[in-house]
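Below is one structure; the comments refer to it alone.
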Number of protein chains: 2
Amino acid sequence: MKKKVTLLDVAQAAGVSPSTVSRIVAGTARVSEKKRQQVEEAIQQLKYQPNLVAKGLVQGRTLSIGVLTQDIASPFYGAALLGIQEALRGTEYVPVFMDGHWKPEDEALALQRLIGRVDGLIIMGGHLEGKSLSALAESMPIVTIGRTIPGFEQHCATVDNYAGARNLVRYLFDLGHRRIAHISGPDDHVDARERLRGYYDAHKDFGMDIDPKLVVQGDFQEASGSLAVATLLESRTLFTAIFAANDQMAYGARLALYRRGIRVPEEVSLVGFDDTRNSEYMMPPLTTVRQPMHELGLSAATALLKMLNDEEVQLEKITPQLVIRESAARAR
Amino acid sequence: MKKKVTLLDVAQAAGVSPSTVSRIVAGTARVSEKKRQQVEEAIQQLKYQPNLVAKGLVQGRTLSIGVLTQDIASPFYGAALLGIQEALRGTEYVPVFMDGHWKPEDEALALQRLIGRVDGLIIMGGHLEGKSLSALAESMPIVTIGRTIPGFEQHCATVDNYAGARNLVRYLFDLGHRRIAHISGPDDHVDARERLRGYYDAHKDFGMDIDPKLVVQGDFQEASGSLAVATLLESRTLFTAIFAANDQMAYGARLALYRRGIRVPEEVSLVGFDDTRNSEYMMPPLTTVRQPMHELGLSAATALLKMLNDEEVQLEKITPQLVIRESAARAR
DNA sequence: TTGTATGCGTTATCAA
DNA sequence: TTGATAACGCATACAA
C-alpha cells in the first residue's frame, strides 16, 4: 500500500490553500487560470485521487445508491441492472446491489444493510408491505420498479401486468383458442395476481367461463413450468394453448411438452410474459409480453438521481407490448 | 429527513463518554455491565444508526468491495454474483457492481469508478492486460475469477478451459464423431483461445487433422451462434457435431438448426460450454461443460474477505466437469 | 474501566 | 479570488 496523497499535499505542492484545490477539483467556484494550472499539474504529478469517503462525510451522503432485487442472476432483473448502470454512468454515483431472493427475511436483511449506506434506493419486486415502504419513502428517496408505494405513486415505475396479460390472452382468443391453460405465479406475488386477473377478464371479454382445472400454480421458476404441464396433462383437461405467467415457466413448460412429443405451436400454443433475453431463442421463438426492464431500470435510476438533486419526478405506469413470435398459432 | 442521531447523542443520553459508546457498539473492549445496559437502552430509544461513512473515514476503509463483471445481465455472471453475495452475507461488506460490457474502455471506466471507493476488488473476465492487473494488485487486495494476475496466481480462481474443452471434444470423439465443427469465441478472449486449443489438442489425441473450414468465429452472443451455423452450412463442409465455445452461442446455433429442420441430436450433435442456467431447459437439454460460477464467486469473495483481514489465501485452478445431457448422441 | 483529545480528508463558512 | 478555520461522525492513543 502506498501512502495516500491528499488534497493537502496537492495544495502544498502547488503553493495554494487547500480550499483552492477543493474548489478546482469540485469546480464549484471561479479560480484564476494561473492557479488552476499549478494545481492541475500538481494533481497530475502526485496522482491525486480525491477521497470520496471524506467527501461523503462532510456532505452527508454516500454517493451510492442501493438496488434491491429479488434474483440478481435472472436475466429479467439483469436487464434492469444494466439500465440502472447506464443511468449512473457519468455521475458520481455507484450502485450497491442486494438480493432479497424472493424471501421476506432476506429482503429485510438486505434493506437493513442498504439503509445508511446509500443515498437513495431502487426497489424491485419483493414482499415488503406498503406501509413499510411508505415509511421508508418518508425517510429517504426511493423509487420502485413494478411496485407501488402508497402515497408515492409518482416515484414508482410500474407495468400494467393486468393489461398485458389480458391483451395476450385476447390474442390467443383471436387465434381461435378457447381452452387456454394458465400457469400462474405465486399467489402472494402482486404481478402474478394481476396477470391472473387479466387472464380471467380476457375470458369475460369473450363471454367465456373458466374451467378451474385450467389454471395451475407455479413459482416463476422453470421447473414449476414443467411440473404444471405434467399436472395439466394428467388431469386430462383439454387445452389448445398455455399462458405461462412468466417466460421462465414457459421454458419449463416447453421442455415438458417436448418430452411428451407434443409439438409447439402445431398442437399447443405456448405464450409467456416478460420477454426475457432467451425467449427469442426458444424453440420456437416465444410469443410473449415484453417488459422493458432495461428502460425501466434506466428511467427509475434517472428519476432517483433527480430526486437526489431535489427535483420533482413523475414516473408512470406503462402497458407492456405484445411480442408476437412463433410459439402461438391459430387453433386447430 | 429526520435529524440524525449520532454517537454523541447516545453518549449524552446514557450519561457516558462517546468513546464508551463507540467501544460498546464496536465491541472492541470490555465495558462494565451497567454502562452497557444504559448505552444499549439509549441506542434503542434514539434508534441510533452508526454512520458508516464516518467510520470508514477514520478507519481508512469503505466497507465495500468492488466487483467488475462483463455482462451483469448474463446468467453466467449472475451466478457468480449470487455466490459473492452469499459470501458477504453476515459481514459488514457490501458489493458494488460495475460492468465492463466486454469493452476495454468501459472496463477502464468501471475500474476508475471503483478504485478508491472499495477496499478490495473481484475482477471477472475482461481485457485488462496482465501488467495493469499486477500493478493494481500491488496497490489493493484483488482476486480474479477466470483470469490470472501475473505474480499473484494464488489470488486467482481460474477454470481450466483448455482441459474442459479437450475433455468435451474427446467425448464427442468417443461418440464416434469425426467431423466436429467449432464455433469459437472472440480471439482476444483468453478463455476462448484456451477452449480452441482444447479443441485442437483433442483432435491430436485422436490423431486427427482439423479442417480449418470447421472452425467459425463467434462473439459469445446468441446471434453469432446462429450466424456460424449458417456459415458452416453454406460452406458445404461436412460435420456431425458442433462444439460452441459457450452456451449462449449454442442456443443461437440450436435455433438456426431448427430453422433448417436439422434435428438435434439425431442429425447433428451440439455441445456448449458454461452450463448456464437455461441450458438444462434447452431442447434437447444441452450437453456442456459446467463452470461452477456460484462456487467460484463464493470462494473468490471469501478469499478477498480474508485478504482484507490480512490472512493468506490460496485459490486454485479447477477443471470444469462435463455435464452430459441429451444434445449429443452417437454419430450416425 | 473510562474519559479527553486528536485526527481521518474533505467541504463550507466566513473574512480578508 | 483566495485563505484560515470549523465542522462532518467516528475511532483510538493516551491519560486518568
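Every chain is numbered from 1, with letters handed out A, B, ... down the list of sequences.
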Ranking D:dT2, C:dT10, C:dT2 by distance to the side chain of B:K35, first place goes to C:dT2

Of the candidates C:dT11, C:dG9, D:dG3, the side chain of A:N51 sits closest to C:dG9

Taking D:dA11, D:dT2, C:dG9 as options, the one with an atom nearest any side-chain atom of A:V31 is D:dT2

Could you go through residues 72-84 of chain B and list every donor-acceptor pair under 3.5 Å that involves a side-chain atom there, pairing it with any protein atom two or more places apart or in another chain?
residue	atom	partner	partner atom	Å
B:S74	OG	B:D71	O	3.1
B:S74	OG	B:Y77	N	3.2

For residues 304-317 of chain B, dump all side-chain donor-acceptor pairs below 3.5 Å to protein atoms at least two apart in sequence or in another chain.
residue	atom	partner	partner atom	Å
B:N309	ND2	B:E311	OE2	3.2

From the candidates C:dT4, D:dT1, D:dA11, the one with an atom nearest any side-chain atom of B:V58 is D:dA11

N/O donor-acceptor pair under 3.5 Å between A:D119 side chain and A:I65 backbone
no

Q.
Is there, by distance only and without an angle test, a donor paired with an acceptor across the side chain of B:S19 and the base of C:dT4 below 3.5 Å?
A. yes

Taking for B:G15 and for B:Q59 the nucleotide of DNA chain C with the nearest heavy atom, the one nearer the 5' end belongs to B:G15

Note to self: Quick check on C:dT2: is either OP1 or OP2 less than 4.0 Å from any side-chain nitrogen or oxygen of B:S32?
What the structure shows: yes

Which of D:dC10, C:dT10, D:dG3 is nearest the side chain of A:S17? It is D:dG3

For D:dG3, does OP1 or OP2 lie under 4.0 Å from any side-chain N or O of A:T20? yes

Between B:A14 and B:Q38 the two heavy atoms that sit nearest each other are O-OE1, 2.9 Å

Worksheet entry | B:S22 side-chain N/O to D:dA11 phosphate OP1/OP2 under 4.0 Å | yes

